[in-house]
Every structure is written in C-alpha cells, then in structure tokens.
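We count ligands from 1, going down the list as the structure has it; atoms in each ligand are counted the same way. Just so we're clear, the structure is a prediction, and the values are computed from it rather than from any experiment. Side-chain atoms are counted along with the backbone in the values below, which use heavy atoms only and exclude waters and symmetry mates.
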Amino acid sequence: MSTSWRIVNGRIIDPANKIDRIGDLVIKDGLIADAAQPVAADLPVIDAAGCWMVPGLIDMHVHLREPGEEYKEDIVSGALAAASGGFTAVACMPNTKPVNDNATVTAVIMARAAEAAARVYPVGAISLGSEGHQLAEFGEMKAAGIVAVTDDGRPVRDSQLMRRALEYASDFGLPVISHSEEASLSTGVMNEGPVSTQLGLKGIPTAAEAIMVYREIALAEFTGAHVHIAHVSTAMSIDLIRAAKARGVRVTAETAPHYFTLTDEAVIGYDTNTKMNPPLRSAADRAAIRAALADGTLDAIATDHAPHSILEKELEFDAAANGIIGLETALPLGLALVRDGLLDAGQLVRLMSTNPATILGVAGGSLNQGAPADITLIDPQQEFVYAADQIVSKSRNTPFLGWSMQGRAVLTMMGGIIRHSLLA
Ligand SMILES: [Zn+2]
C-alpha cells in the first residue's frame, strides 16, 4: 500500500497557513513533504483538477455506539462512514454501554480505534455513569487517550459538580463539552412554537438550552476554564456566546448541519428522522445559527452523528429515540453554505477541520510540512442523490434521504493511506 503520492493541480485550501491557491501536494512515507523539492519520477500521481485539497475533516461530536450497541454502529463502521464523508478524525462521545467513565473503557475504544479507517478520539464522561453525582477520574482517562470530557446526552444538573469538573479538567488541559439543557424545562419532543401547537406535540422551549448555556459561560468565566458548548440550536444561545467571547471568556461552540439546514417545519408529517435533541428550531433560530457560523461566534460544525436502528425510530413520534446520522451528509450540507455566499471555502475548512483540531488539541487541521498526511479532496461541483443503498453507516436514520446534494469528498487519505476514493 503506497503512502507516497503527488496530488496535482488542486486548489490547496489551508486556512491555518493562510494558503488558498492552485498547486500540488507531495506526500512522502505518509507525511506531508515540501512540494517545491524534486520528487521521484515514479511517485504515483493523483489528479485533483477541479478539486479542493484540504486538511482532513475532523468531526468533534459523534456517537459510535461501541461498546454496547454495535447493532447501531461500531467503531470500525463509524470510521468507514467518517472516511466516506471526508473525515479523517472523529471524537466519540462517552454515552456507550458501559459509559466511558474510566480508563478501562477508554483503552477498549483505543484498541478498536487502532483498526479503524479514521482517527478515533475518545471523550470521557464527566461523572460516573454520566449520572451527575460523582466526578470520573479525568487523569487516568487522559493517560488512556481521552481528549475532552462530557456527559453528553444528558445535562450536568448540579452546578457545583460542573464547577468542579471545569476546575479538574483545566488541571489536565481537557475541554469540558456541555450538553446544555435545563432538564425541568426540557420535557417535550420538538421545538416549542406554532408548529408544535399545530402538531399537538409537547414542545421544548429555546430557553431550556439558553439557561444552561449561560450557566456554563458563568462558570467558565468564574473558573477561567475552557467550556465547549455542543450542538447549539438557538438564537438566544448565540447571543450569550457572542457576548461572552467579547469579554474574553474561554468558550467555544459547535452546531450541527441539521440546525443550519432545517427548521421545525420538517417535523410536519411526524417523520421520526426529524426528532433530535436539541430539536430543530424556528427559521429565526436557523438564521442566527447561519450568521454565527459566518461571523465566527460558532467555532465548529460537528455532526452529532447518532445512529439508531428502525427499532428505535419506527415508533410514534413521542416514543422514538432522538438523533440522526450525519457523517456522510455534513460536507455537502456545509458546501451549500459556501454556494449561498454565507461562507468562503477557507471558513468552511476552519469550521470542519482547523478549529476542531485546536479545540480538542489533536493533530491535523492544517497541511503543515512534516505532519501526517490527513487530506481530503473535495469536488465542490459533483452532484448526487443521497440514497439509502449508498449509506456506509450501519444505520439509516436521516431526514436527508432522497435529497439532491452538490459537492462531496472524492478522496480521503489518513497518514498517506487512501481510506475512501471515488476517483477512477
Ligand atoms: Zn448532546
């Protein structure tokens, strides 16, 4: 298997190094080499004409369901879905069975990750069992390989515990990822508004998210620790994060493609593939999310890839599980923002690679010479219909089936090894 290549005639987009130009990339023994130096005449060539050559995409929020629910996804299948979507690295949330709240579970994930088609970075739990009572051993989990902590899937209800988590994580240089939800308000199944009234479904107000976003900001400001807000869905949260950043608070934030693409009107028809937590919001919230991606208030696009089988989804709306898969649609949906003129190409690469690498403190996010050759080739023009038989993930729970998409990853390379290719 070759790990040395010359990738020619592509548009190199590397915002970390302020590069956006047509050129060649040279990969030598799995590392990015100096393209200006002479190369061996027999180096295999990849023609990237018409394509973008970008640092491998990094998804900082996925659920890979292993250990415990491998019928939905496992580390190997999830990493294949990631590579297919242009991702060379993912960070997997700890709400597995058992929860990744100790170094033994982290080590199991790391061992499986070693065979995967993408880099898999485990995220450890904040509290034992993610039950919100007792802090997990961050130091032992960090030594085993975690890159952040979170009780994602559930909020940390106890503010004192969250304060301790921020202080403790700070000692180890780990960001704390907040699933921001005020649980006593958040008892519905979709966004609270005219559409929930029309459908007769119980709503979740935007305030349920914003209240907790504010608590996390207040605690980060007070402790000086780094908090990262997961899956931001509301305009109110955006306003809070923007103001906090202006004060110098160490807060970063992500949103997911469904929040900048869909609104709660997608729930009309009761398709359970439109049910997720936080829920799809109003058009005004979607507009605020899009503006925040453009002005840098939001740092990252993450998928919140949440595979479920039909057992959890082919139920009435109230009873169905939350979440959708996202690894194979995130890039095309992100590229739509570039076509809409909302983002330039470099901004999209920042949101999907450079910033996630920085927030998690992991490799990648740039095309620095000497770094592992984690590279994604994107054809921004290629059109396709997203069909069930093309899905690489084990699960099919997505509201985007049948959508006409434009732009996709045509080649994904990790450490110089091709993990996905649609090129001839
Ligand atoms: Zn969450």
The Zn ion (ligand 1) contact by D304, N, O or S atom under 2.8 Å: no

Checking distances from the Zn ion (ligand 1), one finds that the N, O or S atom of H179 closest to it is ND1

Axial cation check for F384 ring with R408, 6.0 Å and 45° limits: yes

Is the distance between the ring centroids of Y168 and F138 less than 6.0 Å? yes

Does H61 bring an N, O or S atom to under 2.8 Å of the Zn ion (ligand 1)? no

Given E221, which of K245, R250, R247 fulfils the salt bridge (Lys or Arg N to Asp or Glu O under 4.0 Å) condition? R247

So how far is it from I7 CD1 to M413 CE, rounded to the nearest 0.5 Å? 4.5 Å

The atom name of the N, O or S atom in D152 nearest to the Zn ion (ligand 1) is OD1

